[in-house]
Amino acid sequence: MNLQGKRVIALGERDGVPGPAIAACARSAGASVVLEMTHCFV
Amino acid sequence: MSKVNIVHYLNQFFAGLGGEEAANLPIEVRDGAIGAGRLLQRHLGERGSVIATIVGGDNYVSEHQDAAVDAVHRALAEIKPTAVVAGPAFDAGRYGVACALVDHAATHDRGIPSVAAMYPENPGAAVFKDVVVVPTGTNPSEMDPIMAKVARLALKLGAGEELGPASSEGYLPRGIRRPGLREKPGYERALEMLKAKVTGQPYQSEMQAIRYEAVRPAPALRQIASGTFALITTGGIVPKGNPDRLVRGGSKEWFRYSTAGLDRLDATDWDCVHRGFYIESVKQNPNYVLPLDAARQLERQQEIGGLYPWFFSTSGVGTAILDAKRMGEQMASELRAEGVDGAILVAT
Amino acid sequence: MLLGTPTPDSGKLYAQTVTEGDPTWAGPLAGLALRLPVYHVLEAEIREQFASEIAEEQLAMPEMVLDARELGEAVKSVRETGT
């Protein structure tokens with residue numbers, strides 16, 4: 001899966017990798033982030 | 001056969017109303033099936049109908065049990081279902097307890113048959129002995145196969161049928177024994193079981209026995225006269241002053257103390273902290289519990305090759321089995337790495 | 001979808017939800033197969049595409065405590081076999 005040019009939804013978790021971190025990484029690979037969330041898994 | 005009308009109890013999350021932030025929702029009633037109840041309805045098919053869903057916020061039910069149960073009673077009195085389903089709660093503790101409360105209110109108080117589902121170690125499984133509980137794992141991903149089982153039992157109960165034994169119907173045993181006739185007399189069943197057992201065939205015991213773990217002893221030592229041995233005690237022997245703060249029981253830690261150059265343990269330098277026996281005589285002569293003097297004698301007489309220059313000590317009274325296992329493994333690991341041939345664990 | 005889930009179980013749950021549908025049937029994606037391509041952000045084939053400075057800055061902490069291999073395998077398993 002080549003991230004360049006792809007539209008990404010970043011589903012992060014507080015205890016894992018948070019949304020903003022995923023989004024920053026995805027952008028650095030040339031993707032655009034359409035939705036960014038950080039959840040707390042029940 | 002008429003359709004079984006079911007009321008389904010769900011918590012806020014599985015009703016699709018939110019997570020922890022919605023946990024304070026008071027009891028509310030919704031029409032039909034919602035959230036995970038939709039899967040229940042799928043499995044009920046034409047034979048059953050989720051006519052209403054009762055939703056309870058986990059915190060609300062936990063903190064306002066009486067009010068919550070009252071609200072459930074009012075809902076059940078009004079809706080008059082044929083059966084009630086609560087959960088599956090998996091290992092969510094507050095939810096599991098709520099399910100037990102709902103089912104108990106329905107069946108015990110109102111005579112409406114009910115079934116719940118949760119992880120066997122969910123506290124909700126222990127609240128009431130007579131609630132029918134389908135066992136689950138801890139992962140809600142298994143919702144589908146679990147709902148299939150729950151639906152089957154709900155339909156059966158709703159049709160007024162009696163449930164068979166827990167093991168065949170797939171619910172947690174409730175300790176209910178019913179007298180009945182078996183096909184063969186007891187002596188025939190016993191002989192068949194015995195025959196199966198001695199010929200290595202599978203058999204099913206009619207009584208559940210508590211199983212204790214069988215610990216296989218280590219292989220016999222061959223070279224004792226040339227071997228190096230370590231002394232281990234669970235008798236709580238420590239240097240005077242107990243510098244490592246070894247506890248008097250329920251230990252989770254063990255310590256090593258040097259015996260290099262020592263022929264015996266002297267009362268002036270050593271102490272005993274164990275709380276499980278009378279330690280005054282041991283304080284006067286610690287060798288009673290950690291027999292360094294006797295071990296040195298064996299060494300001098302060349303009955304053993306040598307002693308590892310450290311002894312291991314812990315207080316083994318009320319110690320949790322898991323902690324004991326771990327400590328044993330740690331001790332063995334060190335001894336193995338140091339090439340020690342055997343350990344002598346002196347009983348108290 | 002890029003996931004940042006901390007455990008294999010939760011990774012599978014999210015992955016199943018956006019591919020075959022919410023397996024817990026709790027939410028709106030129950031019975032709805034979106035079939036979205038889903039990866040864990042720490043899966044090797046994804047992680048290696050990130051600019052190294054940014055990845056280092058953003059992922060160093062999580063990578064210390066999470067088992068990237070295990071997490072990647074869990075999500076990959078759902079992607080390739082559905083479970």
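Worth knowing before you read on, the calculation uses all heavy atoms, side chains too, and leaves out hydrogens, waters and symmetry mates. Chain A is the first sequence line, chain B the second, and so forth, proteins listed ahead of strands; every chain is numbered from 1.
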**Q** Among the options A:Gly19, A:Ala24, A:Ala10, A:Ala23, pick out the one with the most heavy-atom pairs lying under 4.5 Å from chain C.
**A**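 Among A:Gly19, A:Ala24, A:Ala10, A:Ala23, the one with the most close pairs to chain C is A:Ala24.
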**Q** Tell me, please, which residues at least two apart from C:Thr24 pass side chain to side chain donor-acceptor pair (under 3.5 Å).
**A**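 C:Thr24 satisfies side chain to side chain donor-acceptor pair (under 3.5 Å) with C:Asp22 once adjacent residues are dropped.
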**Q** Can you name the closest pair of heavy atoms from A:Gly16 and C:Pro62 and give their distance?
**A**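 Shortest heavy-atom contact: O-CB, 3.9 Å.
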**Q** Is the CD atom of C:Glu80 crowded by more than 12 outside heavy atoms at less than 6.0 Å?
**A**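 Count over threshold, so yes.
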**Q** So which of C:Leu3, C:Val18, C:Leu71 has the largest heavy-atom pair count under 4.5 angstrom toward chain A?
**A**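 Heavy-atom pairs under 4.5 Å are most numerous for C:Leu3.
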**Q** Applying side chain to side chain donor-acceptor pair (under 3.5 Å), name anything that partners C:Glu63, two or more places apart in sequence or on another chain.
**A**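 For C:Glu63 the side chain to side chain donor-acceptor pair (under 3.5 Å) partners, ignoring immediate neighbours, are C:Arg47.
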**Q** What distance separates C:Met1 CE from A:Arg7 CZ, expressed to the nearest 0.5 Å?
**A**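 CZ of A:Arg7 is found 13.0 Å from CE of C:Met1.
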**Q** Taking only heavy atoms into account, what residues of residues 25-34 of chain A are found under 4.5 Å from chain C?
**A**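 Only A:Cys25, A:Ala26, A:Ser28, A:Ala29 of residues 25-34 of chain A have a heavy atom under 4.5 Å from chain C.
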**Q** Roughly how far, to the nearest 0.5 Å, is CD1 of A:Ile22 from CG of C:Leu59?
**A**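 These two atoms lie 8.5 Å from each other.
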**Q** How far does CG of C:Leu2 sit from NZ of A:Lys6, to the nearest 0.5 angstrom?
**A**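 C:Leu2 atom CG to A:Lys6 atom NZ measures 11.5 Å (nearest 0.5 Å).
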**Q** Just distance, no hydrogens or angles: give the donor-acceptor pairs under 3.5 Å from side chains in residues 31-45 of chain C, sequence neighbours left out.
**A**
from    : atom 1 : to      : atom 2 : distance (Å)
C:Arg35 : NE     : C:Glu20 : OE2    : 3.2
C:Arg35 : NH2    : C:Glu20 : OE1    : 3.2
C:His40 : ND1    : C:Leu42 : N      : 3.1
C:His40 : NE2    : C:Thr5  : N      : 3.4
C:His40 : NE2    : C:Thr5  : O      : 2.8
C:Glu43 : OE1    : C:Arg79 : NH1    : 3.4
C:Glu43 : OE1    : C:Arg79 : NH2    : 2.9
C:Glu43 : OE2    : C:His40 : N      : 3.0
C:Glu43 : OE2    : C:Arg79 : NH1    : 2.8
C:Glu45 : OE1    : A:Met1  : N      : 2.9

